[in-house]
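Below: the structure, in structure tokens.
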Amino acid sequence: MPEGPEIRRAADRLAEAVAGRPLVRAWFAFPALKHHEAGLVGRRIESITPRGKALLTRFDHGWTLYSHNQLYGTWKIAAAGERPATTRSLRVALDTADRSILLYSASDVSMWPSSTVDSHPFLAALGPDVLEPGLDAREVESRLGSPRFRGRALGSLLLDQRFLAGMGNYLRSEVLFDAGLHPARRPRDLDDGERGRLAGSLLAIPRLSYHTRGIAPADRMRDDYLGDAADAFRFQVFGREGQPCPACGSAIARIDAASRRLYLCPRCQPADRAAAAPR
DNA sequence: CTTTAAACCTGCTGGC
DNA sequence: TGCCAGCAGGTTTAAA
């Protein structure tokens, strides 16, 4: 159950475990992918890289595995040939001589010629990856001001993968809190300072989550959980309904936005300037 | 156009 | 223990 930072960390771990090594076996649960198994033996994994919340596993014979974990998929690394006992359904197994990588529960998996994988319907529509190192505030502000996005409510825009790929539901709450903006605000109604703050938060919060890992200890969401490291990422508002805002002490509220739960501080993120005149 | 609601994928937890 | 309802960090599709 991942967002961009969790997917990128998974890609890092998987690549470290198996990239460059030849496969001794490949296995897919999907009937449509069975015919790829034999051809993968002896091939090497060139790279494993994220695109938003999708993962691309590139092989050296010109094919790329596309996978999307949606809510429930998860990758595991195991000793070579090992299949740890679990209640989850194994969907993909790639074995090298000393390590195996296993994908469980995901249903959105397909093989593409590497040269055409970018035309995958999901990938083709994605905006820039919010965690891409080259992404800067100037580009984020430019997207906020573009006709496609400037009229959208932030609560919906921040989940739209066409705006910034890799954003997700916990990041949405955390970014809006960090920027001090209510989800009903719209880019076109923000003043320059607010727009700059939002761009800064959109860059900083996902990076903080990616680099430090970790979540609120009481929370159940523990995919790739770092633990209690002092610098681990902690939710400021997500999942903290009724608890005091870390900035002002007001009770954090939970609302519905775009049919998903969103947490905010009513005092730090006031809605009443939603209709404020431009500039 | 934007927004909302429902459906679907699957796994886990809490309650009876 | 067993079953079921409800919920979940996502996405797509249809409808409003």
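All chains are named by letter (A, B, ...) in the order of the sequence lines, taking the proteins before the strands, and each is independently numbered beginning at 1.
Atom P of nucleotide dT4(B) and atom CG of Leu157(A) are separated by 13 Å, given to the nearest angstrom. For Phe163(A) and dT11(C), the CZ to P distance is 15 Å, given to the nearest whole Å. Residue Leu90(A) contributes atom CG, which lies 14 Å from atom C1' of dT10(B) at whole-angstrom precision. Atom CZ of Arg88(A) is separated from atom P of dT10(B) by 12 Å (rounded to the nearest Å). Taking atom CZ on Phe122(A) and atom C1' on dT12(C), their separation rounds to 11 Å, with Å as the unit. Rounded to whole angstrom, the span from the CG atom of Leu262(A) across to the P atom of dC7(C) amounts to 17 Å. One can place CG of Asp108(A) at 16 Å from P of dC8(B), the figure rounded to the nearest angstrom. A straight line from CG of Leu55(A) to P of dG10(C) spans 16 Å, rounded to a whole angstrom.
Ring pair His68(A)/Phe122(A) is perpendicular by interplanar angle, where above 60° counts as perpendicular and below 30° as parallel. Using cut-offs of 30° and 60° on the angle between ring planes, the pair His120(A) and Trp112(A) is tilted. Using a 30° and 60° split on the angle between ring planes, His61(A) and Phe59(A) fall in the perpendicular class, above 60°.
For the pair Ala257(A) and Thr87(A), nearest-nucleotide mapping onto DNA chain B gives the more 5' position to Ala257(A).
Judged by distance alone, the side chain of Glu174(A) and the main-chain N or O of Arg172(A) form no donor-acceptor pair under 3.5 Å.
For Arg186(A) and dT3(B), the shortest distance from a side-chain N or O to OP1 or OP2 is below 4.0 Å. Regarding contacts with the backbone of dT4(B), every side-chain N or O of Ser259(A) stays at 4.0 angstrom or more from both OP1 and OP2.
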